[in-house]
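Before any comments, here is the structure.
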Amino acid sequence: MFLSIDALSAGYGAAPVLEGVSFAVERGEIVSLIGPSGSGKSTVLRCLVGLVRPSAGRVAIDGVAVDYASRAAVRGVRDRLAIVFQQYNLFQNMTALDNVTVAPLTVKRWPRAEVMEEGRRLLAAVGLGDKLGAYPDQLSGGQQQRVAIARALALRPEILLLDEVTSALDPELVTEVLDTIRGLAARGMTMLVVSHEMAFVREVSSRVLFMDQGRVIEAGTPAEIFDAPRTERAREFVTKILRH
Amino acid sequence: MLATLSAEAPRFFTYWNLVFLATALGNTLVMVAVGCGLGVVAGLGLAVLRAKRIVRFAPLRWAAILIVEVFRRIPVLVLLMFVFFTFQLLGLNVRALFVGALAILLRSASLFAENFRAGLESVHPNQWDAAEVMNLGPLATLRRTVLPQAWPVILPPLTIGLVGMVKATSLASQISVLELTFAARQLNQRGFSALIAFGTILVLYFLLSFAIARLGAFAERRLVPKHRRA
């Protein structure tokens, strides 16, 4: 078991956002979280990287429980997980290449020549080899999101968390980002994906979890969840989403 | 008016008067450099201390907020008197110039802290999130991405504030610091016309403020990337 999440709860203030969420991700697996807005999907990811402190529950990586109250432990987790945000969150004052190389250079302190080389290679791999010196506001949303993916990969994470990475994009830009993720999937990258792109989820996921109101309502293979949902709530969601 | 001025000028611009004015200008410059210069640094420090993403220890943030809110609300003249009499009560014999510089520093720091705070808060929180999940520390995040993005918001009002504080150093004349305004009043009392005495320091204040405004514009050119300038 690579990543296991057990009875995870979290809340902003008094309102609970997650209530006892449990699931696991094996190496090489792609697990997708689907469900209506506000169901807590993004909060799961934000808990995992330590941006939201869990109020209860247990997260373990390779069987070792993570203590989110300890800064050192959280830093350790962030060395192994990388997250890509819905709004890309690129550093606006840095070029594409600087965005990709800043953490490997200043946090990891990897050799400069190697990092720059890797940065160029990663940007070329997401189709932005000619945009190394471009600033975020000179790039389209899709291009920015691909830089963000390259930036996350530059830290050589063991698992990539994707938080609605296409939700802020114009429809015609969605494909280029999804193609990038398909490429990663084909290379066996472990991923935990929050997405509203149902066709994509169905295509790449090993397993799909349907969440509602802070709980995992149903889990199964894409076929199980999309073709034969067992719960009424999941059936309702899937029919609504797939109708258009 | 020009005729009066040119008639009086040779009598006014004597060696000793120039030395007197230069001393006064020197003291004004000391208050500007120490008071305003350190005020910028201390202002940044205070803004950083009250930033939630940097300082997790709440009492430290509250202390910074208290300092900013108190000193920002006291008129400079009252602050000068306050610092002056505090030293007197403590029985410490310090130079008036030191008192002047310290009061200007307290005021500048609390004033500029708000410019810095506005700048830091203008940067989207998602920049902090992105840095945090990559294990970039709070100060590295500040230096590498937040501050560079905040300069366009910080610098224009900071320059205005600096010029304002340069002019506020004239109030130190009230605690008998020999600075420009004090010097002009002395020269006026010694029989020189107010026109030439205050006219001279007016020009000097203008040049000083102008130099600071140019410095601000220079900082903007250096710190704000071309494609992000307004």
**OP:** Look up atom CD in E132(B) and atom CZ in R75(A), then write down how far apart they are to the nearest 0.5 Å.
**Re:** 10.0 Å

Original post:
Do H124(B) and Q87(A) pass the side-chain contact (heavy atoms from CB on, under 4.5 Å) test, and can you show the C-alpha distance, the side-chain angles, and the key distance before you say yes or no?
Top reply: CA-CA 11 Å; H124(B) 201 285; Q87(A) 301 290 342; over 6 Å; no

Original post:
Could you give the distance from CZ (R144(B)) to CG (N93(A)), rounded to the nearest 0.5 Å?
Top reply: 10.0 Å

Original post:
Is the CZ atom of R182(A) crowded by more than 12 outside heavy atoms at less than 6.0 Å?
Top reply: yes

**OP:** Could you tell me which of V49(A), L51(A), D98(A) has the largest number of non-hydrogen atom pairs under 4.5 Å with chain B?
**Re:** L51(A)

Original post:
Around R95(B), counting heavy atoms of other residues, nucleotides and ligands shown, do more than 12 lie under 6.0 Å from its CZ?
Top reply: no

Original post:
Within residues 100-110 of chain A, which positions have a heavy-atom distance to chain B below 4.5 Å?
Top reply: V102(A), A103(A), T106(A), V107(A)

Original post:
Judged by atom type as modelled, is there a donor-acceptor pair below 3.5 Å linking the side chain of Q127(B) to the main-chain atoms of Q92(A)?
Top reply: yes

Subject >> F198(B), CZ: over 12 other non-hydrogen atoms inside 6.0 angstrom >> reply: yes

Original post:
Has the side chain of N126(B) got a donor or acceptor atom that lies under 3.5 Å from a matching backbone atom of N89(A)?
Top reply: no

Subject >> Contact class of F85(A) relative to chain B, heavy atoms under 4.5 angstrom >> reply: side chain

Subject >> Contact origin within D79(A) toward chain B - heavy atom pairs under 4.5 Å >> reply: both

Original post:
So which of T145(B), L136(B), V146(B) has the biggest tally of heavy-atom pairs under 4.5 Å with chain A?
Top reply: T145(B)

